[in-house]
Amino acid sequence: MKKKAWGLSKTIGSFFTNQHKLMEDFPERYSYNPTLRWNAELESYFSNAYGPHNFSRISKALTRPSCYSCIRVNTLKTTPDAVIDKLTAVLKENRADISKCEVVGLDNVVFVRGSGPHAINYGYAADGKPPKEVLVSRKCAEAVLRGAQVYVPGVLACSAHVEKGELVAVSVSVEQPGVDGGWGVGITRGTVLQGSQTDPYHLERNGLYIGQGRAMMSRSGMFRVTEGLAVDMSDRVFHLPSFRDVLEGEIFLQNLPSIVAARALDPQKGERILDMCAAPGGKTTAIAILMKDEGEIVAVDRSHNKVQGIHKLAAEMGLSCITPYKLDALKAVCVRNESEDLSDPSCAKDNHGGHIQDSNFMKSEVEKIESITFERLNAENDFKKAVSNEKANESSYISKADIRKEMRRKRNGPGRNQCLGGKVEKSKGFAPSSFDRVLLDAPCSALGLRPRLFIGEETIESLRKHAIYQRRMFDQAVQLVRPGGVIVYSTCTINPGENEALVRYALDTYKFLSLAPQHPRIGGPGLVGRFEFPDGYTEEWLRPGEEELVQRFDPSSPLDTIGFFIAKFVVGSNEADLQNPSS
């Protein structure tokens with residue numbers, strides 16, 4: 001298996017060759033060379049866990065995107081070879097390098113090569129006159145580094161007299177420590193940038209330039225409207241093709257470790273599977289495709305809008321075995337009272353250990369969702385055209401309150417009544433031992449996601465809270481799996497307290513659980529040992545011999561993935577442990 005991982009590393013590592021001149025050769029200010037600012041106690045903790053040198057490499061890797069895009073092919077609709085042919089045609093202007101993954105078990109994965117970091121000529125004049133500039137928020141910049149464009153809500157400040165069509169440099173405003181001990185941007189939206197040291201956080205923006213592009217509207221336009229394309233990025237520090245609206249339903253852009261996590265679950269046709277924290281639905285749909293859309297996948301999330309998103313994605317990919325519910329994963333086990341209706345579908349048990357939707361009903365639901373979505377989109381377009389015709393000759397005034405309201409709506413998503421796809425079904429939980437397999441991709445500190453430009457708000461205390469939350473979820477998962485079943489636990493963080501420490505908790509609390517080998521195995525080993533905090537608390541990690549049974553993905557490794565962790569448990573039988581878990 002190590003040979004397979006090495007082969008994959010070699011394939012991905014070749015993506016780094018033949019790149020443009022590195023940014024380090026250019027002036028310090030107009031370059032991309034960010035540094036993550038960690039909480040001091042947290043930095044000490046991670047340096048102890050990984051070693052100072054390795055943690056420094058991880059920290060640097062987190063500030064950059066992967067050098068490739070990883071695409072999962074919907075093999076129920078098409079094949080990897082057909083997708084490669086279509087992507088080659090779609091991305092011909094980018095001359096994209098596209099290849100198929102050769103690892104056994106990942107033959108539905110396609111890689112599209114990116115490149116970077118590139119040096120950008122921002123046109124800094126010999127007389128010292130700085131280029132015109134657009135300053136964007138940190139979250140906007142992280143999206144641009146992954147291949148997105150600059151849209152109006154992400155623009156914070158701009159040079160004076162920028163007109164549509166002008167070439168502008170794009171820089172990033174990263175949160176800075178405030179006088180109150182907190183973190184903030186400290187820049188009023190609409191600020192005029194002079195290009196001098198009197199600009200807000202002028203020095204702090206050194207090494208935080210992510211590319212340049214053409215302004216798609218004037219400076220005044222960027223701060224007058226609430227939506228639209230502000231800058232069309234023409235020259236990027238990292239070149240990664242955009243897959244927006246490309247082969248919808250046939251492909252899904254997904255991080256490689258997430259695909260491995262779904263594979264590690266090893267779902268089989270006809271099984272009943274629970275995805276406890278399913279949004280946005282990537283792993284859910286991956287599991288459904290591995291099952292050939294035969295069986296039942298219960299996908300839960302506590303957000304109404306996110307459950308709608310799972311509905312929409314399942315319909316888009318033509319999957320009918322997915323049943324999404326709105327449910328807090330901490331309440332996943334049904335606690336039945338005598339007064340409750342025994343016909344409740346969430347708690348009722350049948351021959352399979354739980355309620356299973358009829359496949360014909362689910363297919364009709366998929367068709368219904370597609371129909372409603374199409375009709376509503378048409379209705380919205382007709383309405384917009386009508387309003388446009390009526391107001392064509394009128395000058396309209398948009399108040400600042402309306403602008404703020406619209407920006408909040410774009411940031412938080414549409415309200416419950418504006419969601420496409422109709423009503424979301426709620427659940428009261430599920431009967432114990434009613435699932436064959438459970439995937440718990442737990443909410444976490446997300447310290448493995450990349451690119452990441454800010455980390456300052458995380459502390460030892462906040463990471464401990466994440467760990468407590470995850471243990472409570474795991475307690476629920478253990479109760480829901482039948483004896484002989486499987487639990488796969490995963491996170492997208494590099495924090496041992498949410499990874500190896502959770503495994504230690506699970507094995508020590510539930511003696512009938514055991515770690516199981518994972519296939520495919522391309523990640524590295526887990527961390528063995530413990531860490532003693534200054535307050536006396538000792539965090540236990542893995543014991544010798546257990547490290548090779550988990551997968552830890554290091555963002556600084558040749559695989560060039562996000563930071564990720566996967567553990568797979570086989571469930572034995574011990575009712576006493578289930579009834580009296582350790583606190």
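Computed from heavy atoms alone, side chains included, the values below leave out hydrogens, waters and symmetry copies.
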Got a donor-acceptor contact below 3.5 angstrom from the [X] side chain to the [Y] backbone?
{"X": "D328", "Y": "R302", "result": "no"}
{"X": "E425", "Y": "P324", "result": "no"}
{"X": "E540", "Y": "T538", "result": "no"}
{"X": "Q518", "Y": "I566", "result": "yes"}
{"X": "N255", "Y": "P257", "result": "no"}
{"X": "Q479", "Y": "P432", "result": "no"}
{"X": "E458", "Y": "I455", "result": "no"}
{"X": "Y50", "Y": "I494", "result": "yes"}
{"X": "D293", "Y": "C321", "result": "yes"}
{"X": "T509", "Y": "A506", "result": "no"}

What I'd like to find out is whether the side chain of [X] reaches to under 4.5 Å of the side chain of [Y], using heavy atoms alone.
{"X": "C70", "Y": "I259", "value": "yes"}
{"X": "V112", "Y": "F243", "value": "yes"}
{"X": "L42", "Y": "I460", "value": "yes"}
{"X": "L480", "Y": "S433", "value": "no"}
{"X": "V144", "Y": "F238", "value": "no"}
{"X": "L256", "Y": "F553", "value": "no"}
{"X": "R272", "Y": "F430", "value": "yes"}
{"X": "D266", "Y": "R437", "value": "yes"}

F512 vs V571, side chain to side chain contact (heavy atoms under 4.5 Å, CB included): CA-CA, chis, key distance, verdict: CA-CA 6 Å; F512 55 89; V571 181; 3.8 Å; yes

Kindly compute the distance separating [atom1] ([X]) from [atom2] ([Y]), expressed to the nearest 0.5 Å.
{"X": "S514", "Y": "L507", "atom1": "OG", "atom2": "CG", "answer": "8.0 Å"}
{"X": "I297", "Y": "S320", "atom1": "CD1", "atom2": "OG", "answer": "10.0 Å"}
{"X": "T284", "Y": "I310", "atom1": "OG1", "atom2": "CD1", "answer": "5.5 Å"}
{"X": "L62", "Y": "S556", "atom1": "CG", "atom2": "OG", "answer": "8.5 Å"}
{"X": "D275", "Y": "T285", "atom1": "CG", "atom2": "OG1", "answer": "9.5 Å"}
{"X": "N48", "Y": "F533", "atom1": "CG", "atom2": "CZ", "answer": "9.0 Å"}

Residues V528, E546; criterion side chain to side chain contact (heavy atoms under 4.5 Å, CB included); working and verdict: CA-CA 8 Å; V528 175; E546 296 173 340; over 6 Å; no

Testing the basics here: between [X] and [Y], what is the closest heavy-atom pair and its distance to 0.1 Å?
{"X": "V481", "Y": "V486", "answer": "CG1-N, 3.6 Å"}
{"X": "V103", "Y": "P520", "answer": "CG1-CB, 4.2 Å"}
{"X": "A264", "Y": "K568", "answer": "O-NZ, 3.0 Å"}
{"X": "N108", "Y": "P80", "answer": "CA-CG, 4.1 Å"}
{"X": "Y489", "Y": "Q470", "answer": "OH-OE1, 3.4 Å"}
{"X": "P280", "Y": "L313", "answer": "O-CD2, 3.8 Å"}

side-chain contact (heavy atoms from CB on, under 4.5 Å) partner of I251, the single match among V83, T78, N74: V83

F531/Y45 aromatic ring centres below 6.0 Å: yes

Evaluation steps, side chain to side chain contact (heavy atoms under 4.5 Å, CB included), between I98 and F111: CA-CA 6 Å; I98 308 173; F111 297 122; over 6 Å; no

[X]: partners by side chain to side chain donor-acceptor pair (under 3.5 Å), with sequence neighbours left out:
{"X": "E500", "value": "R552"}
{"X": "T63", "value": "none"}
{"X": "E457", "value": "none"}

Flag if over 12 foreign heavy atoms under 6.0 Å of CZ, R146: yes

Atom CZ of R57 with >12 non-hydrogen neighbours under 6.0 angstrom: yes

With K283 via salt bridge (charged side-chain N to carboxylate O under 4.0 Å, His left out) - residues at least two apart: D441

ring-ring contact (aromatic ring centres under 6.0 Å, His included) contacts in which one or both residues fall within residues 442-471, not counting sequence neighbours: W183-F454

Full working for salt bridge (charged side-chain N to carboxylate O under 4.0 Å, His left out) between R450 and D560: CA-CA 10 Å; R450 50 190 295 213; D560 196 30; 3.0 Å; yes

Worked check of salt bridge (charged side-chain N to carboxylate O under 4.0 Å, His left out) between D436 and K269: CA-CA 11 Å; D436 298 296; K269 289 183 182 180; over 6 Å; no

Test item: side-chain donor near acceptor, R72 and S258, under 3.5 Å: no

Full working for salt bridge (charged side-chain N to carboxylate O under 4.0 Å, His left out) between E250 and K77: CA-CA 6 Å; E250 295 185 39; K77 283 191 171 184; over 6 Å; no

Derivation and outcome, side-chain hydrogen bond (donor to acceptor under 3.5 Å, both in side chains), residues N499 and T493: CA-CA 8 Å; N499 297 332; T493 182; 5.4 Å; no

Evaluation steps, side chain to side chain contact (heavy atoms under 4.5 Å, CB included), between I273 and L439: CA-CA 8 Å; I273 294 176; L439 173 64; 5.7 Å; no

Residues that E43 engages under side-chain contact (heavy atoms from CB on, under 4.5 Å), provided they are two or more places apart: W38, S47, F55

Pair R138 + E142, salt bridge at N-O below 4.0 Å: yes

Residue pair R464, E539: steps toward the salt bridge (charged side-chain N to carboxylate O under 4.0 Å, His left out) verdict: CA-CA 10 Å; R464 286 184 182 176; E539 186 175 88; over 6 Å; no

